[in-house]
Amino acid sequence: MECDIGRRTFVLGLVAVASTIGTTAHAQPTFTRSAGVAELGQSPKALCLLGSSWVLVDEDGTTYPTTGLEGATVLDVATDARGVLAVGSRPAPPFTEATVWQSADGLTWHETMRLTGTNTEFTGVGFGPGTAMALGSGLTEERAPTRTIAARRTPQGWSEVPVTGLEQTAEHAITTLSGNRSGWIAAAVTQDGTTLYRSPDGSAWSTVDAGQLDDTAVQGILLEDNAIRWVANAIGGSAAITGTVGAGRRPVAVPENAQLVGAARSRRGPLSYWLVDGRPVTAGI
């Protein structure tokens, strides 16, 4: 299963940057991919691909250029008090190499880890018990997942860690990762639905009780006190839906053709982020 759209929503506890950086206005821009949305002050800004350039996009369509992500495939972002992380891959023919980037403000990025000489890609990043980590896949020549890869940030830098209990195949691919002080939750999507997995350390994984979600392609997870909230497109028909593990599901108020990027908490409450006809849309969940 190819999950080509960017994913993940992230919230930055930063002041608005519009007065300190240059802007470029685009009339009715159309974005081919998004890796997330950031709450900068009172205004959400999305990290989107415009042509071949990654930009931050304001609610009114104004774009802010970024540096350091040129030519990259970015699939997920996350943030904490130390800044923003992004994951995806860099092309290195005949491979794509799983890569982690870091930024203080979502605008200026630098590479912090790359799995050189491997055909790999990171698809999820998050902050959990005392650290950050990334999950992804080893790939076939056709870019189908064959195995799970993981990396963890330590005081000395990023390094790979072994993974058990979270196997991947061409029909079973990790789409998102979320963490808190208690551990990690990951989602893996098949052609029939999503399975949620949990881990206390990011290395040993097991399925979540009631975590088999039929007809859902989950790309957003919010961990709450004793609850796991998720956001997804329905696999059959692509309807926008949200729910809580063990407590049912309901529709999200976005157009039928909305493609989910992810979910996060914001000053306005829990937020989901979508692309609709190539334009960013947010909705409460």
Side-chain angles (χ1 to χ4, degrees), residues 1-3 7-8 75-78 85 87-89 96-100 113 115 118-140 142-154 158-232 235 243-247 249 262-263:
M1 172 182 237
E2 182 176 355
C3 299
R7 8 171 135 63
R8 200 81 344 261
L75 296 176
D76 199 7
V77 292
L85 295 175
V87 297
S89 62
T96 60
E97 298 174 338
T99 307
V100 180
M113 180 187 185
L115 299 183
T118 66
N119 198 22
T120 54
E121 187 168 65
F122 287 126
T123 55
V125 64
F127 293 90
T131 189
M133 74 172 299
L135 285 178
S137 308
L139 303 174
T140 66
E142 293 75 27
R143 296 185 55 75
T146 61
R147 60 185 177 89
T148 301
I149 61 172
R152 183 182 295 129
R153 186 171 66 184
T154 70
W158 286 81
S159 60
E160 282 193 87
V161 294
V163 178
T164 60
L166 186 55
E167 291 76 20
Q168 290 189 84
T169 66
E171 293 80 31
H172 188 254
I174 294 169
T175 57
T176 189
L177 172 68
S178 186
N180 60 17
R181 288 177 295 180
S182 299
W184 305 91
I185 301 291
V189 174
T190 71
Q191 62 182 358
D192 299 315
T194 296
T195 301
L196 298 181
Y197 295 83
R198 70 168 70 245
S199 173
D201 58 6
S203 183
W205 294 81
S206 60
T207 55
V208 172
D209 292 341
Q212 184 64 49
L213 308 174
D214 296 334
D215 191 33
T216 64
V218 170
Q219 293 191 51
I221 297 173
L222 291 178
L223 302 184
E224 302 175 342
D225 292 341
N226 302 314
I228 304 170
R229 182 182 295 193
W230 53 266
V231 189
I235 293 175
T244 302
V245 172
R249 62 183 71 188

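In terms of heavy atoms, Ile221 sits closest to Ala187 at CD1-CB, 4.1 Å. Across every non-hydrogen atom of Leu135 and Ala186, the tightest pair is CD1-CB, 3.8 Å. Closest of all the heavy-atom pairs between Thr154 and Ser159 is CG2-OG, 4.5 Å. The heavy-atom pair separating Phe127 from Ala78 by the smallest distance is CE1-C, 3.4 Å. Across all non-hydrogen atoms, the minimal contact from Ala210 to Val245 is O-CG1, 3.4 Å. When every heavy atom of Gly220 is checked against every heavy atom of Thr176, the shortest pair comes out as N-CG2, 4.4 Å.
Among residues two or more places apart in sequence or in another chain, the side chain to side chain contact (heavy atoms under 4.5 Å, CB included) test is passed with Ala151 by Met113, Phe122, Trp158. Taking Glu167 as the reference, nothing meets the side chain to side chain donor-acceptor pair (under 3.5 Å) condition, with sequence neighbours excluded.
A donor-acceptor distance shorter than 3.5 angstrom exists from the side chain of Thr175 to the backbone of Val218, with no hydrogens or angles considered. Ser199 places a side-chain N or O within donor-acceptor distance of the main-chain N or O of Ala204, the cut-off being under 3.5 Å. With Asn119 contributing its side chain and Thr140 its backbone, the two residues share a donor-acceptor pair below 3.5 Å. Looking only at distances, a side-chain donor or acceptor of Ser203 sits under 3.5 Å from a matching main-chain atom of Pro162.
The shortest side-chain heavy-atom distance between Val161 and Asp201 does not fall under the 4.5 Å cut-off.
Atom CG in Leu213 sits 6.0 Å away from atom OG1 in Thr194 (nearest 0.5 Å). With values rounded to the nearest 0.5 angstrom, Thr244 atom OG1 is found 8.5 Å from Trp230 atom CH2. Considering CD1 of Ile185 and CH2 of Trp205, their distance stands at 7.0 Å, rounded to 0.5 Å. Here CD of Gln168 is found 3.5 Å from OG1 of Thr148. Values are rounded to the nearest 0.5 Å. From Ile149, atom CD1 reaches atom OG1 of Thr123 across 8.0 Å, with rounding to the nearest 0.5 Å. Here NE2 of His172 is found 6.5 Å from OG1 of Thr190. Values are rounded to the nearest 0.5 Å.
In this structure, a donor-acceptor pair under 3.5 Å is present between the side chains of Gln212 and Thr195.
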Exercise for the section: Report the C-alpha separation of Met133 and Val100 in whole Å, then their side-chain angles, then the decisive distance to 0.1 Å, and conclude whether the side-chain contact (heavy atoms from CB on, under 4.5 Å) test is met. Expected result: CA-CA 10 Å; Met133 74 172 299; Val100 180; over 6 Å; no

Problem - Pair Leu223-Ile228, side-chain contact (heavy atoms from CB on, under 4.5 Å): steps then yes or no - result: CA-CA 5 Å; Leu223 302 184; Ile228 304 170; 4.1 Å; yes

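Among residue pairs with one or both ends in residues 121-132, those qualifying as salt bridge (charged side-chain N to carboxylate O under 4.0 Å, His left out) are Glu121-Arg143; sequence neighbours excluded.
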